[in-house]
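This chain uses plain numbering: 1 for the first residue, then up along the sequence.
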Amino acid sequence: MSQEVENNVLPTAEEMSEFLKVRREKLAELRENGKDPFQITTYHVDAYAKDINDKFDEYEGKMVSIAGRIMSKRGMGKAGFIDVADHSGRVQSYVRKDHVGDEAYADFKKYDIGDIIGIKGEVFRTQKGQISVKAEEILLLSKSLRPLPEKWHGLKDQDTRYRQRYVDLIVNPEVKETFIKRSRIITEIRKFLDGLNFVEVETPVLHTVAGGASARPFITHHNAQNMEMYMRIALELHLKRLIVGGFDRVYELGRVFRNEGMDTRHNPEFTLLELYQAYTDYHGMMDITENMIRTVAQNVLGTTTIQYGEHTLDLGKPFERITMADSVKKYSGVDFSEIKTVEDARAVAKEHHIEYEERHLVGDILNLFFDEYVEHNLIQPTFVTDYPVEISPLAKRSPKDPSITERFELFIVGREHANAFSELNDPIDQKERFEHQVELKKQGDDEAADMDEDYINALEYGMPPTGGLGIGIDRLVMLLTNTEAIRDVLLFPTMKPLDK
């Protein structure tokens, strides 16, 4: 057994240096003997660990060719056992000197945990009942020059796991399952939308105007044009240009970038789904959102009843719908339908110790109350509707009350999971709201939107009544995999370099 996994202690820096030296010496010896594994370009594989284990009756007695990483070694007299891990799981292999030959067995004894090998042999069950592959040929395909974390401790440090996801995936198989589910979730979203005749499109990542959301952008420089550009903070404005151009149903699954803080729910770059449908409104978007999340859960997890932390969530029931004002009244007792002036809003904010800024209007203060009293109480899926116009610069005003917009956000376990509007298609109103955002930016709001003259120009050609929806894919994956931190559903989350 390798010393690297034999001792139930973590290696010191000096021991680690020795491990690295020994492995490089083994590689040098292989090269001297004309057995450089890095010269091998291909290896035929016709069976995988999961299939061999799950369908043993079909494989028993058959010759197979497998490949994977050595995860453990046992024995090593004239015979030894190893566990080989491929993309599907692990399978045991029995390697015996008189089966593979003296030279191959001598080489095999020098293999290390982490080496990648190919094995050809017969599938059988050992006397102890362990499904195995009896090796007749064994070949080193790639030499691991660094030891894996030893098996008792594994790779537990969160920071190291994020920085070295490649090692995390090797030694923590459950991590891979999360990302396989993530892939299936995205696949099911595409199937759902394609089934509704939506067209998937791609729009620019580099923008000349930072718009479509309230967020600080990343700024970059285009050398050839000698101008500043922004990494997109949303997909919205280009997709709605396509609605103007005659696409009735479009969606994009794309990376967006926001220059903001990092916590368990935020990463500077993340995956966003945005979709737009002509001739519908935010009620139509609610129906799509509810049906899509329910369908994806059923198809990926096999159930619409899921566990998230201490909460059991029923995605099969109709999602609750409540206005923002009614939700604030329900949880704080303050009825904003009776508050008509900024002075009254500020007074009630002071009574309830809600901090506000001088630029905040009634709608802004209503939103502050929502953040303080309501959001954390929304555990089961809840659509919060009818947001104030002050915080919804791209949403259509309600015909019943011009101070609110036809907008909703979906909350589950106290977190926002979707944001949708009846899209504002009045170019005059839109320009006025952009101008208000520009004024807010002058007053110090660095998340306010910029004026997008070309988008106004597009609206002036006429955009039909349209419903739009945005869903953060990472948060949806967190929800459906019972994951607390966004970094655990991102293969390579943003990390500060160690030397910084």
Is the closest side-chain donor-acceptor distance between T304 and R294 under 3.5 Å?
no
Any side-chain heavy atom of I180 within less than 4.5 Å of one from E177?
yes
If you measure from the Lys or Arg side-chain nitrogens to the Asp or Glu carboxylate oxygens, is any gap between D450 and K441 under 4.0 Å?
yes
Side chains of T341 and D344: is there a donor and an acceptor less than 3.5 Å apart?
yes
If I take atom CG from residue L469 and atom CE from residue M285, how far apart are they, to the nearest 0.5 angstrom?
6.5 Å
Going by the side chain to side chain donor-acceptor pair (under 3.5 Å) test, name the single residue among E274, E236, E252 that passes it with T203.
E252
Ion pair E343/R346, N-O distance below 4.0 Å
no
Note, I66 side chain near Y48 side chain (heavy atom, < 4.5 Å)
no
Quick check against the 3.5 Å criterion: does R69 have a side-chain atom that pairs as donor or acceptor with the backbone of I170?
no
Is E423 reaching over with its side chain to a backbone N or O of T466, donor-acceptor style, under 3.5 angstrom?
no
Could you verify whether a donor N or O on one side chain and an acceptor N or O on the other, from H360 and N367, lie under 3.5 Å apart?
no
Under 6.0 Å between ring centres: does that hold for Y282 and F421?
no
Testing the basics here: between D263 and R265, what is the closest heavy-atom pair and its distance to 0.1 Å?
OD1-N, 2.8 Å
Check whether any side-chain heavy atom of L315 sits under 4.5 Å from a side-chain heavy atom of L480, and report yes or no.
yes
Apply salt bridge (Lys or Arg N to Asp or Glu O under 4.0 Å) to residues K396 and D429 and explain how you reach the verdict.
CA-CA 9 Å; K396 182 174 286 191; D429 189 359; over 6 Å; no
Where is the tightest heavy-atom contact between G472 and L272, given as atom of each residue plus distance?
N-CD1, 4.1 Å
Is it true that, when you exclude H353 itself, more than 12 heavy atoms of the residues, nucleotides or ligands shown sit nearer than 6.0 Å to its NE2?
no
Can you measure from OG1 (T295) to CD1 (I288) and round to the nearest 0.5 angstrom?
11.5 Å
Looking at L368, is its backbone amide N or carbonyl O close enough to the side chain of Y356 to form a donor-acceptor pair, meaning the two atoms are under 3.5 Å apart?
no
Just wondering, are more than 12 heavy atoms of other shown residues or ligands nearer than 6.0 Å to NZ in K329?
no
Go through the structure and list residues passing ring-ring contact (aromatic ring centres under 6.0 Å, His included) with H417, not counting sequence neighbours.
none
Say whether Q430 and R433, considering side chains only, have a donor N or O and an acceptor N or O under 3.5 Å apart.
no
Report yes or no: does S88 contribute a side-chain atom to a donor-acceptor pair with the main-chain N or O of A49 at less than 3.5 Å?
yes
Do Y276 and D248 meet the criterion of a side-chain donor-acceptor pair at a distance under 3.5 Å?
no
In this structure, CG of L275 is separated from CD of Q277 (nearest 0.5 Å) by 8.0 Å
Quick check against the 3.5 Å criterion: does H436 have a side-chain atom that pairs as donor or acceptor with the backbone of E432?
no
So, T405 versus R397: side-chain donor-acceptor pair below 3.5 Å or not?
no
Is the closest basic N to carboxylate O distance between D454 and R241 below 4.0 Å?
yes
Short question: side chain of S65, backbone of H44 - any donor-acceptor pair under 3.5 Å?
yes
Is F247 atom CZ crowded by more than 12 heavy atoms from other residues, nucleotides or ligands, each under 6.0 Å away?
no
Rounded to the nearest 0.5 Å, how far apart are OG1 of T178 and NZ of K181?
7.0 Å
Return yes if some donor-acceptor pair links the side-chain N/O of Q380 with the main-chain N/O of F319 below 3.5 Å, else return no.
no
Do F179 and L491 make a side-chain contact, defined as non-hydrogen atoms from C-beta onward lying under 4.5 Å apart?
yes
Show the nearest heavy-atom pair for residues P37 and S142, with the distance to one decimal.
CB-N, 3.9 Å
Any sub-3.5 Å donor-acceptor pair from D86's side-chain atoms to G89's backbone N or O?
yes
Kindly compute the distance separating NZ (K350) from CD1 (I365), expressed to the nearest 0.5 Å.
9.5 Å
Taking only Lys NZ, Arg NE, NH1 and NH2, and the carboxylate oxygens of Asp or Glu, determine whether D326 and K330 approach each other closer than 4.0 Å.
no
Using a cut-off of 6.0 Å, state whether more than 12 heavy atoms not belonging to L206 lie near its atom CG.
yes
Would a distance-only check, ignoring hydrogens and angles, find a side-chain to backbone donor-acceptor pair under 3.5 Å from R407 to D386?
no
State whether K50 and D54 are salt-bridged, where the test is any N-O pair (Lys NZ or Arg NE/NH1/NH2 against Asp/Glu carboxylate O) under 4.0 Å.
yes
For F370 and L378 the tightest heavy-atom approach is CZ-CD1, 4.1 Å
Under the 3.5 angstrom rule, does the side chain of N267 hit a backbone N or O of T494 as a donor-acceptor pair?
yes
CE of M324 to OG1 of T385, rounded to nearest 0.5 Å, is 9.5 Å
Distance-only donor-acceptor check, side chains R415 and H376, under 3.5 Å
no
Using a 4.5 Å cut-off on heavy atoms from C-beta on, say whether the side chain of I293 contacts that of T289.
yes
Quick one: does F38's side chain get under 4.5 Å of K143's, heavy atoms only?
yes
Derivation of the salt bridge (Lys or Arg N to Asp or Glu O under 4.0 Å) call for R359 and D445
CA-CA 9 Å; R359 60 184 175 83; D445 184 354; 3.6 Å; yes
Are R184 and N299 close enough that a side-chain donor and a side-chain acceptor fall under 3.5 Å?
no
Quick test of your reading: applying salt bridge (charged side-chain N to carboxylate O under 4.0 Å, His left out), list the pairs with at least one residue in residues 202-211, sequence neighbours left out, ordered by first then second residue.
none
Side chains of E406 and S398 only: does a donor on one sit below 3.5 Å from an acceptor on the other?
no
Output yes when R258 and E260 qualify as a salt bridge under the 4.0 Å nitrogen-oxygen rule, no when they do not.
no
Ring geometry between H238 and H207 (parallel below 30°, tilted from 30 to 60°, perpendicular above 60°):
tilted
Given side chains that start at C-beta, do those of I117 and V84 come closer than 4.5 Å, heavy atoms only?
yes
Run the salt-bridge test on E200 and R190 with the 4.0 Å N-O cut-off and return the result as yes or no.
yes
Considering all heavy atoms of both residues, which atom of Y331 and which atom of Y373 are nearest to each other, and what is their separation?
CB-O, 3.5 Å
Over all heavy atoms of both residues, which pair between M71 and A85 is shortest? Give the atoms and the distance, please.
CG-CB, 3.5 Å
Between F434 and Y455, how do the two ring planes meet: parallel, tilted or perpendicular, split at 30° and 60°?
perpendicular
Could you verify whether a donor N or O on one side chain and an acceptor N or O on the other, from Q307 and T312, lie under 3.5 Å apart?
yes
Looking at F492, does the NZ or CZ of R165 lie under 6.0 angstrom from its six-membered ring centre and within 45 degrees of the ring axis?
no
Answer with yes or no after comparing the ring centroid distance for F218 and F257 against a 6.0 Å cut-off, counting only values under it.
no
For the pair D287 and R321, evaluate salt bridge (Lys or Arg N to Asp or Glu O under 4.0 Å) and give the outcome as yes or no after the intermediate values.
CA-CA 11 Å; D287 294 339; R321 303 183 182 194; 3.2 Å; yes
